[in-house]
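Throughout, residue positions are numbered sequentially from 1 according to the sequence presented. Being a predicted model, the structure only gives us computed values, none of them experimental.
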Amino acid sequence: MISGAVARRAVANATLLDWLPVAVVPPILVADAAISAAGNPITVVNVLAGIVGCLPLALRRRVPLHALFVLVTGGIILVLWRLHPPNTVVLIPMIALFELAKRGDRRRSLWMSVATVPCVFVSVVPFAASSQLISIVVRNLALCLLAIAAGDVLRSRELSAGRMAAAREEETRRRMGEERLQIAREVHDVVAHAMTAINVQAGVAAHLLEKDPRQAYDALRTIKHTSGGALRDLRETLEVLRDPSQSAPLGPQAGLADLEPLAVGLRSAGIAVDLQLGSVADVPVRVQGAAYRIVQEALTNVARHAQATRVSVSVRRVADAVAIEVVDDGRAPDGVAGNGAGTGNGVRGMVERATTLGGTLEAAPADGGGWRVRARLPIAAGESAVR
């Protein structure tokens with residue numbers, strides 16, 4: 001375990017990696033010269049020449065390309081002159097070229113391949129026998145080009161891996177952003193509707209406490225029911241933040257069949273509600289959840305801002321979509337322009353829910369006065385989510 005940790009630290013040490021070839025290659029050159037009949041005698045001067053000839057490898061990541069070519073070629077000539085290892089001297093340019101190709105780009109690799117040809121000739125011709133000149137040049141040139149190709153392939157793979165990692169990170173950030181936005185919408189819808197309902201019912205209870213205690217009691221029961229449901233929904237939504245292994249809620253539990261309680265809440269506040277719900281039983285859960293939240297937010301705005309006395313809600317299936325229309329006889333919500341844009345989160349949240357499903361939503365003044373919210377949610381969005 002200790003040796004493994006030492007090895008990992010060594011790999012992470014850039015300086016050690018720079019000098020590693022200077023420590024490893026000279027003994028190989030000396031051994032090659034010693035066992036080869038063509039090698040020069042092993043003397044102190046010749047061994048030092050082998051070490052000095054490998055010193056340019058320590059600079060392979062620090063000096064410009066042309067300077068490294070000159071230094072490496074000079075080192076090769078020095079090693080061939082003093083040691084003359086016939087088989088392993090090609091290790092010096094191979095290491096340098098591999099590193100340069102790995103840290104460069106495709107264009108530099110091509111230029112290096114072209115420049116390697118004369119360098120090999122310059123370093124081999126003075127020391128090779130004429131009978132072996134062509135074979136040695138071809139062998140060394142092939143090994144050098146192989147080193148360049150290996151470095152370029154490794155660079156390409158690392159670059160591809162980096163791009164894939166960046167793409168995964170970007171996708172993770174995008175999904176996290178979508179989940180945070182979805183959680184924010186859920187919290188806003190739950191809290192805004194519950195607080196509005198509680199505020200309205202509390203006003204009713206205070207007004208009728210002495211005149212009609214029974215109706216005041218019913219209003220207090222509605223407050224208790226609404227607050228309990230809001231706390232439950234908040235608890236489920238916030239549980240996602242406590243447990244990172246969970247994903248954002250796939251959609252609210254309520255569906256289009258739960259619109260009637262929303263209408264009852266507004267009626268108890270003195271607002272006449274005309275709810276028209278078409279045949280939507282086969283609408284996917286995801287689309288039903290978004291439709292419910294859009295209607296809920298529209299009715300919440302009616303109760304909070306519109307000062308309306310009447311509101312009509314129409315939800316029906318039209319061809320391949322769910323059409324929603326909520327029209328009241330009040331006024332526009334505060335902070336909302338005539339085109340439906342505003343600074344609040346309510347209209348913005350409705351638009352986001354619709355566009356997430358590939359649908360549309362418009363909030364604008366109605367033709368005969370009042371305010372209208374009109375949305376269209378494609379059925380296919382929910383079906384594709386299920387598949």
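- The CD1 atom of I294 sits 4.5 Å away from the CD1 atom of I324 when rounded to the nearest 0.5 Å.
- In this structure, the separation between CG on L143 and CE on M94 is 5.0 Å, given to the nearest 0.5 Å.
- E158 pairs by the side chain to side chain donor-acceptor pair (under 3.5 Å) definition with nothing, not counting sequence neighbours.
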- Message: Please determine whether side chain to side chain contact (heavy atoms under 4.5 Å, CB included) holds for the pair E362 and T360, giving the CA-CA distance in whole Å, both sets of side-chain angles, and the decisive distance to 0.1 Å.
- Response: CA-CA 7 Å; E362 298 176 355; T360 59; 5.8 Å; no
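- Checked against side chain to side chain donor-acceptor pair (under 3.5 Å), R173 has the following partners two or more places apart in sequence or in another chain: E169, E170.
- For R374, the side chain to side chain donor-acceptor pair (under 3.5 Å) test picks out E325, with sequence neighbours left out.
- No continuous path of hydrophobic side-chain contacts links L97 to L154 [ILVMFWY only; heavy atoms under 4.5 Å].
- Counting only distance, with no hydrogens or angles, the side chain of S36 and the backbone of A33 share no donor-acceptor pair below 3.5 Å.
- Side-chain contact check for V302 versus R310: every heavy-atom pair is 4.5 Å or farther apart.
- In this view, D367 satisfies the salt bridge (charged side-chain N to carboxylate O under 4.0 Å, His left out) rule with no residue, not counting sequence neighbours.
- The salt bridge (Lys or Arg N to Asp or Glu O under 4.0 Å) pairs that include a residue from residues 76-89 number zero, where partners must be two or more places apart or lie in different chains.
- Here the straight-line distance linking atom CG of L91 with atom SG of C144 works out to 10.0 Å at 0.5 Å rounding.
- Under a hydrophobic-cluster definition in which Ile, Leu, Val, Met, Phe, Trp and Tyr are linked whenever side-chain heavy atoms come within less than 4.5 Å, directly or via other members, V327 and V347 are assigned to different clusters.
- Nearest heavy-atom pair, Y292 versus L259, reported as atom, atom and distance to 0.1 Å: CD1-CD2, 3.6 Å.
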Give every donor-acceptor pair under 3.5 Å between a side-chain atom in residues 114-121 and any protein atom, sequence neighbours left out.
unit_1 : atom_1 : unit_2 : atom_2 : d
T116   : OG1    : M112   : O      : 2.6

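- Hydrophobic side-chain contacts under 4.5 Å tie V138 into a cluster, directly or through other members, with I134.
- The backbone N or O of S156 lies less than 3.5 Å from no partner atom in the side chain of S160, so there is not a single donor-acceptor pair.
- Judged as a salt bridge (Lys or Arg N to Asp or Glu O under 4.0 Å), the pairs with a partner in residues 15-27 (not counting sequence neighbours) are, in order, D18-R61, D18-R62.
- Residues W81 and I76 have side chains not in contact (no heavy-atom distance under 4.5 Å, counting atoms from C-beta outward).
- Contact check for L78 versus L83: no side-chain heavy atoms found under the 4.5 Å cut-off.
- Looking only at side-chain heavy atoms (C-beta outward), I92 and C54 come within less than 4.5 Å of each other.
- Atom CD in Q296 sits 11.0 Å away from atom CE in M350 (nearest 0.5 Å).
- Under a hydrophobic-cluster definition in which Ile, Leu, Val, Met, Phe, Trp and Tyr are linked whenever side-chain heavy atoms come within less than 4.5 Å, directly or via other members, I77 and V25 are assigned to the same cluster.
- The cluster map of Ile, Leu, Val, Met, Phe, Trp and Tyr, joined by side-chain heavy atoms under 4.5 Å apart, puts I379 and V315 in the same cluster.
- Screening residues 34-60 for salt bridge (Lys or Arg N to Asp or Glu O under 4.0 Å), with sequence neighbours left out, gives R60-E99.
- For R106, the salt bridge (charged side-chain N to carboxylate O under 4.0 Å, His left out) test picks out D152, with sequence neighbours left out.
- The shortest distance between side-chain heavy atoms of R353 and L361 does not fall below 4.5 Å.
- Using a 4.5 Å cut-off between side-chain heavy atoms of Ile, Leu, Val, Met, Phe, Trp and Tyr, with links allowed through other members, L100 and V63 fall into the same hydrophobic cluster.
- A308 and I271 get closest at one heavy-atom pair: O-CG1, 3.7 Å.
- Annotation: side chain of D282 is in contact with side chain of R317 (closest heavy-atom distance under 4.5 Å).
- Proximity of a side-chain donor or acceptor of N301 to a complementary backbone N or O of A298 within less than 3.5 Å is not detected.
- Atom-to-atom distance recorded for N87:CG and L29:CG is 11.0 Å, nearest 0.5 angstrom.
- Taken from CD1 in I51 to CG in N46, the straight-line distance is 11.5 Å, to the nearest 0.5 Å.
- For R107, the CZ atom is loosely surrounded, since the number of other residues' heavy atoms within 6.0 Å does not exceed 12.
- A search for salt bridge (charged side-chain N to carboxylate O under 4.0 Å, His left out) contacts involving R267 returns E260, not counting sequence neighbours.
- Counting heavy atoms from C-beta on, the side chains of P378 and D320 never come closer than 4.5 Å.
- Listed by chain and residue number, nothing satisfies the side chain to side chain donor-acceptor pair (under 3.5 Å) test with R168 (two or more places apart in sequence, or in another chain).
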